Protein chains: 2
Amino acid sequence: MPNNQFKKSELYSFITGKASTAISRRLQKNFKLAGIEITIEQWSVLYHLWKEDGISQQQLCDATFRDKPSITRLVDNLEKLKLVKRVASKDDRRMNRIYITAEAQELQVLTMELANQTLNEALEGVTNGQVEIAKEVLQQVYENLK
Amino acid sequence: MPNNQFKKSELYSFITGKASTAISRRLQKNFKLAGIEITIEQWSVLYHLWKEDGISQQQLCDATFRDKPSITRLVDNLEKLKLVKRVASKDDRRMNRIYITAEAQELQVLTMELANQTLNEALEGVTNGQVEIAKEVLQQVYENLK
DNA sequence: TTTATGTAGTTGCATAAACAACTATATGCC
DNA sequence: GGCATATAGTTGTTTATGCAACTACATAAA
């Protein structure tokens, strides 16, 4: 029966995700400083499209751990910004394929650099070994609950 | 120059906080199953008031890592639910002191149990040593960026 | 005492999340 | 073919977040 002895103070910060909130805010700030006017949530969608263009909204749900309405609206907003384009699939008419536009393609290199830089700011003073373990724990938590 | 070699796949999940999202969703679900109809965000405010009743909204901002408008509205909603009460401070008339009601007091034991239980679900298969390191890393990230 | 500056909290606006209910299309079984 | 069921996506509603602009009060300096 491990982990059954959480003190309140420890429990709270684990649940609230203050660290990831802090990372998101900092990344958003770094985007803004670089003149990039998209939200981190929008960026997270582009991120997966850069890895694989033309995936469906459902695939974006799975990749970003968001529900379908969230993705519908993120894609709505990205489409308004002319960063992605919905294309109805021919094979399966229920499905949309989402494609990156040229304008969004241009954002990839800079935003990925900014994300890397932000993560370095976040992990200042943390060893690679510690990061490895933290990643394993977070991955396991995700697996346990998803 | 440590930590400068993030691979994309590693980077993403660190930024998006999928683990803490998963924990929040599970805790929300566990609240609902127990018939408790408050949001995790509302609970996080109550949590700090249980530790110290009558603190100001600004103190709640600092404790919960939220901005002032967020706390204004969380307190608005908690007040509507009759779980807290705003009391204008006599010493400093700019300030509100926020007090737990009897109704909210009753939620403490059960919700803390549910939070503990949720965390145990989340950390199934993770050793205490690993959790310790993960907590240290997340704390350091928070300190680096706050 | 007046004025400047800082602090506590609120309001407006845009974006996003969670959940339920819905439409449209696909699939599998009789 | 026809019906049940599953899947992809959308819409409505409530709650929450982030930022900017604002009001009210407090404090400290001139």
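Remember, predicted model here, so these are calculated numbers, not experimental data. Below, chain A is the first sequence line, B the second, and so on; all start at residue 1.
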A.B. asks: Reckon Arg66(A) has a side-chain N or O less than 4.0 Å from the OP1 or OP2 of dA17(C)?
C.D. replies: yes
A.B. asks: Can you tell me the distance, in whole Å, between the CG atom of Asp67(A) and the P atom of dT11(D)?
C.D. replies: 15 Å
A.B. asks: State, with a plain yes or no, whether a side-chain heavy atom of Trp50(B) is found less than 4.5 Å away from one of Val109(B).
C.D. replies: no
A.B. asks: Could you tell me how far apart Asp76(A) (CG) and dG12(D) (C1') are, to the nearest whole angstrom?
C.D. replies: 14 Å
A.B. asks: Does dA16(C) have its OP1 or OP2 closer than 4.0 Å to a side-chain nitrogen or oxygen of Gln42(A)?
C.D. replies: yes
A.B. asks: To the nearest angstrom, how far is Gln28(A) atom CD from dA14(C) atom C1'?
C.D. replies: 12 Å
A.B. asks: In terms of side-chain heavy atoms of Leu74(B), which of dT25(C), dA16(D), dA17(C) is nearest?
C.D. replies: dA16(D)
A.B. asks: Taking side chain as C-beta onward, heavy atoms only, is Tyr142(B) less than 4.5 Å from Leu138(B)?
C.D. replies: no
A.B. asks: Any non-hydrogen side-chain atom of Arg26(B) less than 4.5 Å from a side-chain atom of Asn144(A)?
C.D. replies: no
A.B. asks: Any carboxylate oxygen within less than 4.0 angstrom of a Lys/Arg side-chain nitrogen, looking at Asp92(A) and Arg97(A)?
C.D. replies: no
A.B. asks: So does Ser89(B) get a side-chain nitrogen or oxygen closer than 4.0 Å to the phosphate oxygens (OP1/OP2) of dA8(C)?
C.D. replies: no
A.B. asks: How many Å lie between CD on Glu37(A) and C1' on dG18(D), as a whole number?
C.D. replies: 13 Å
A.B. asks: In this structure, how many angstroms lie between the C1' atom of dA14(C) and the CG atom of Leu78(A), rounded?
C.D. replies: 15 Å
A.B. asks: Could you check whether Asp67(A) pairs with Arg73(A) (Lys NZ or Arg NE/NH1/NH2 to Asp/Glu carboxylate O, under 4.0 Å)?
C.D. replies: no
A.B. asks: Looking only at side-chain N and O atoms, does Arg25(A) come under 4.0 Å of OP1 or OP2 in dG18(D)?
C.D. replies: yes
A.B. asks: For a quick test of reading the model: is some side-chain N or O of Thr39(B) closer than 4.0 Å to OP1 or OP2 of dA16(D)?
C.D. replies: yes
A.B. asks: Give Ile71(B) one of three labels, base, sugar-phosphate or nothing, depending on what nucleic acid heavy atoms sit under 4.0 Å from its own.
C.D. replies: nothing
A.B. asks: Check the distance between dA26(C)'s P and Arg93(A)'s CZ and give it to me in whole angstrom.
C.D. replies: 6 Å
A.B. asks: How does protein contact run along nucleotides 2-9 of chain D, one letter per nucleotide 5' to 3', with B for base contact, S for sugar-phosphate only, - for none, heavy atoms under 4.0 Å?
C.D. replies: ----BBBB
A.B. asks: Rounded to whole angstrom units, what separation is found between the CG atom of Asn77(A) and the P atom of dT17(D)?
C.D. replies: 19 Å
A.B. asks: Round to a whole Å and report the spacing from CG of Leu60(B) to C1' of dT10(C).
C.D. replies: 16 Å
A.B. asks: Please figure out whether Glu41(A) or Pro69(A) has its closest DNA chain C nucleotide nearer the 5' end.
C.D. replies: Glu41(A)
A.B. asks: Please enumerate all residues that pass side chain to side chain donor-acceptor pair (under 3.5 Å) together with Ser44(B), with sequence neighbours excluded.
C.D. replies: Arg66(B)
A.B. asks: Just to verify, what does Gln105(A) make a side chain to side chain donor-acceptor pair (under 3.5 Å) with, not counting sequence neighbours?
C.D. replies: Gln108(A)
